[in-house]
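Contents: one structure, followed by commentary.
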Amino acid sequence: MADSGLHTAAPLLGADDPAVFTVHNPLGSSPFVLLADHAGQRVPSALRDLGLPQHELDRHIGWDVGIAGTTRALAERLDAWAIEQTYSRLLIDCNRPLVSPTLIPETSDGTSIPGNIGLTEAQRTQRIAAIHAPYHAHINAELDRRRDANLPTLLVMMHSFTPAMNGFQRPWHAGVLYHQDTRFAHALLQALREEGDLVVGDNEPYSVSSSSDYAVPMHGEARGLVHVELEIRQDLIADVAGQQAWAARLERILRALQNELLAL
């Protein structure tokens, strides 16, 4: 196909593009490790916002609204190692296996993504090599470092979800997600429900599988780490006050669960 200007054969990331990820508390003392695969919404300058107006990138299709600030605040409170992925999930979804049809979506929640239509295999490979691979390589390096140093690791994948989808109003304030290993998930689900003011989904509004998710199968299950995926409803963490409130709540809950989880 002719080059539309939204694809590129040149290096994907230019000198003015930000780093693929940001690490907080690189030597944090906490056993908790926080991953935010959908924290950012950036697109490399060469791809001109994938042909989308900014308001589309600001939607949930472009990133997990509010999760970056929530993850940073929680990492600070716990003194936990945390990583934020910088680029939009529309560029490449870092919580998808490489064979997933939604790794680089051509449409998302009714919106066509011009910069993703008609990609060559070389262009797909370029995005994997520039974004997906280095992000997960850094996570793997940190998990290896902790293993080799005999440091305990309790892995939390941080995500957010929309209050409504396909005309359905989602009743949950948060969701606890898991696949085969329920150790962390069941403990966190009970603790959140015991708060008394929350409706908490059990593998809702999503469930995890090895075909639809990357972090849980690869970083959690494959390593045998105690892990959980946490979803928070986006309207609850859309501003700093909500992010700080949820970080405070999660700090209290996770600290209370820490010894129980470390004994698993």
Side-chain angles (χ1 to χ4, degrees), residues 1-24 35-72 82-141 157-162 165 206 211-215 218-219 234 237-238:
M1 61 175 285
D3 189 349
S4 67
L6 299 175
H7 309 127
T8 181
L12 187 65
L13 301 180
D16 295 331
D17 289 315
V20 171
F21 53 80
T22 301
V23 172
H24 305 284
L35 311 183
D37 297 344
H38 300 151
Q41 62 178 150
R42 295 293 296 268
V43 175
S45 297
L47 296 188
R48 299 193 304 179
D49 292 334
L50 299 172
L52 295 171
Q54 185 61 44
H55 70 82
E56 291 285 6
L57 292 171
D58 290 341
R59 293 178 61 213
H60 72 95
I61 64 172
W63 60 335
D64 275 7
V65 175
I67 209 62
T70 306
T71 300
R72 286 194 298 269
I83 189 167
E84 291 180 48
Q85 203 279 121
T86 305
Y87 287 89
S88 174
R89 62 191 301 174
L90 295 179
L91 177 72
I92 186 166
D93 193 324
C94 284
N95 192 34
R96 294 292 181 270
L98 299 184
V99 297
S100 170
T102 59
L103 177 72
I104 303 175
E106 293 190 356
T107 62
S108 183
D109 193 22
T111 295
S112 177
I113 318 300
N116 291 351
I117 296 173
L119 293 185
T120 66
E121 191 59 36
Q123 289 165 332
R124 292 178 64 85
T125 299
Q126 182 185 50
R127 294 195 194 181
I128 293 167
I131 309 294
H132 195 287
Y135 172 69
H136 287 292
H138 198 81
I139 295 170
N140 276 319
M157 294 74 161
M158 302 285 291
H159 291 270
S160 68
F161 66 95
T162 59
M165 179 63 73
Y206 308 107
S211 61
S212 65
D213 294 77
Y214 191 90
M218 296 303 297
H219 298 309
Q234 290 173 0
I237 53 172

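Side-chain atoms are counted along with the backbone in the values below, which use heavy atoms only and exclude waters and symmetry mates.
Between the side chain of S160 and the main chain of V65, a donor-acceptor pair closer than 3.5 Å is present. Panel note: side chain D49, backbone V43; no donor-acceptor pair is recorded below 3.5 Å. With hydrogens and angles ignored, the 3.5 Å screen pairs a side-chain donor or acceptor of R127 with a backbone N or O of L91. The backbone N or O of R89 sits nowhere less than 3.5 Å from a side-chain atom of D93 that would complete a donor-acceptor pair. At least one donor-acceptor pair under 3.5 Å links the side chain of Q41 to the backbone N or O of L57. In terms of modelled atom types and a separation under 3.5 Å, the side chain of D17 and the main chain of S45 share a donor-acceptor contact. Formation of a donor-acceptor pair under 3.5 Å by the T22 side chain with backbone atoms of E84 is not found in this model.
At a threshold of 4.5 Å between non-hydrogen side-chain atoms, the residues L35 and M158 do not count as touching. Taking the side chain as every heavy atom from C-beta outward, I104 and Q123 never approach each other to under 4.5 Å.
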- Going through the distances and angles, do I131 and T86 end up as a side chain to side chain contact (heavy atoms under 4.5 Å, CB included)? CA-CA 9 Å; I131 309 294; T86 305; over 6 Å; no
- What's the verdict on side-chain hydrogen bond (donor to acceptor under 3.5 Å, both in side chains) for D37 and Y135, showing C-alpha distance, side-chain angles and the deciding distance? CA-CA 9 Å; D37 297 344; Y135 172 69; 2.6 Å; yes
- Quick one: do H136 and M218 satisfy side chain to side chain contact (heavy atoms under 4.5 Å, CB included)? Show the steps, please. CA-CA 9 Å; H136 287 292; M218 296 303 297; over 6 Å; no
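Atom CZ of R42 is separated from atom CG of L47 by 12.5 Å, given to the nearest 0.5 angstrom. Taking NE2 of H138 as the reference point, atom CD of Q85 lies at 13.0 Å (rounded to 0.5 Å). In this structure, the separation between CZ on F161 and CG on D64 is 10.5 Å, given to the nearest 0.5 Å. The line from CD1 of I67 to CD of Q234 is 8.5 Å long, rounded to the nearest 0.5 Å. With rounding to the nearest 0.5 Å, the separation of CG in L50 from CG in L90 is 6.5 Å.
Heavy-atom minimum distance, I113 versus L52: CD1-CD1, 4.0 Å. Closest approach of L103 to P97, counting heavy atoms only: CD1-O, 3.9 Å. Here the closest heavy-atom approach between residue Q126 and residue L12 is recorded as NE2-N, 3.6 Å. The minimum heavy-atom distance between S100 and S211, with the atom names listed, is CB-O, 4.2 Å. Contact detail for T162 and M165: the closest heavy-atom pair is OG1-CE, 3.8 Å. The two residues A36 and T71 make their nearest non-hydrogen contact at CB-OG1, 3.9 Å.
Using a 30° and 60° split on the angle between ring planes, Y214 and H219 fall in the perpendicular class, above 60°.
At a cut-off of 3.5 Å, with distance as the only test, a side-chain donor of R59 or T111 sits close to an acceptor on the other residue. No hydrogens or angles considered: a donor-acceptor pair under 3.5 Å links the side chains of T102 and R96.
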